[in-house]
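Index from 1, following the sequence. Counting starts at 1 for both ligands and their atoms, following the listed order. Reckoned from all heavy atoms, side chains included, excluding hydrogens, waters and symmetry mates.
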Amino acid sequence: MNLLNILLDGTLAAGDYIGFTFFTGYMSMLAASIFFIVERGTVNDKWKTSMLISALITFIAAVHYFYMRGVWLETHESPTQFRYIDWTLTVPLMCIEYYLILKPAGAKGGMLSRLIFGSVVMLVAGYIGEAVVPAQNIMWGLISTAGWAIIIYEIYMGEASKLAAASTSEAVKSGYKVMRWFTLVGWAIYPIGYMMLPGNLLSGMAGNIDLAYNIADAVNKIGFGLVVYSIAKGATASEATSSAA
Ligand SMILES: *C/C=C(C)/C=C/C=C(C)/C=C/C1=C(C)CCCC1(C)C
């Protein structure tokens, strides 16, 4: 029996597709970290910190995926604690990416604080709804969504969006639009996964919360890092042309 195999020797059974995504998540996060670290050498100094943060995001995720796939293999239950520890570290780092990208355009600490405040509300409420009082997961999901809305407001209508619009760098301007699209559309996969919790709006659906989260993490951590990478590359190239002229 598959489950017995897993309990006895921790192997990945054929047909355990959620387990597959924990393994591919682990390996792809690790590969992405190496890519960002190596490519960091090819961008101008002022973009090197952004590249390092991209690598840290995927590396922190790789380490947590290593543990999460272990929990999944042994129990076939959601590794909720590791999941939220990972997000608590990686989501604020994504806020720092916004700050660093907009810093040459004049970003201030207040903008960063508002993004981080929104993240804390979003993640603390999400954790309470998943792990502390699951019977009230709808209410906590709504509070968490309010935290996400603070972030969306800031990057679409708040100071961050104004700074990006006023930036003199084409690479920053166009890359910023892709970054915030990830934060709106890519991040929407998480609440959809959450709604598959028992008692929530999509609980009868055939989906699985860990499958949704694993796909979302790959899209949002690796994809977001690649956008930062393309901004750094694009800005480096145009900085070279302008200094040669
Ligand atoms: C690398 C990890 C990332 C980008 C994690 C993002 C997580 C979210 C956007 C979670 C959002 C949630 C809601 C908006 C409502 C329901 C509860 C959450 C925490 C799943």
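N214 and Y65 form a side-chain donor-acceptor contact under 3.5 Å, judged by distance and modelled atom types alone. No side-chain donor-acceptor contact under 3.5 Å links E170 and S238. E130 and Y194 share no side-chain donor-acceptor pair at under 3.5 Å. Judged by distance alone, the side chains of Y17 and N208 never bring a donor and an acceptor atom under 3.5 Å apart. Using modelled atom types, one finds no donor on one side chain facing an acceptor on the other under 3.5 Å when comparing E154 with Y98.
Only the side chain of V91 comes within contact range of ligand 1, with a heavy atom under 4.0 Å; no backbone atom does. Only the side chain of M94 comes within contact range of ligand 1, with a heavy atom under 4.0 Å; no backbone atom does. At a 4.0 Å heavy-atom cut-off, ligand 1 does not touch F182 at all. Under 4.0 Å from ligand 1, not a single heavy atom of D86 appears.
Of all protein heavy atoms, the one closest to atom 1 (C) of ligand 1 is K221 NZ, 1.5 Å. At the shortest separation from atom 10 (C) of ligand 1 among protein heavy atoms lies Y190 CB, 3.5 Å. Protein heavy atom closest to atom 20 (C) of ligand 1, with residue, atom name and distance, is Y213 OH, 3.6 Å.
Residue D217 approaches ligand 1 through these ligand atoms, each under 4.0 Å from one of its heavy atoms: 1 (C), 2 (C). Listed by atom number, the atoms of ligand 1 under 4.0 Å from Y84 heavy atoms are 19 (C). Here is the list of ligand 1 atoms found below 4.0 Å of a heavy atom in G141: 15 (C).
Looking only at side-chain heavy atoms (C-beta outward), I128 and S144 stay at 4.5 Å or farther from each other.
In summary, K108 and E159 do not engage in a salt bridge, as defined by a charged side-chain N under 4.0 Å from a carboxylate O.
In this comparison of G193, S144, G129, the heavy atom closest to atom 15 (C) of ligand 1 sits on S144. The option from W148, Y127, W187, W140 that lies nearest to atom 14 (C) of ligand 1, judged by heavy atoms, is W148.
Rounding to the nearest 0.5 angstrom, the gap separating the CD atom in E39 from the NZ atom in K233 is 5.0 Å.
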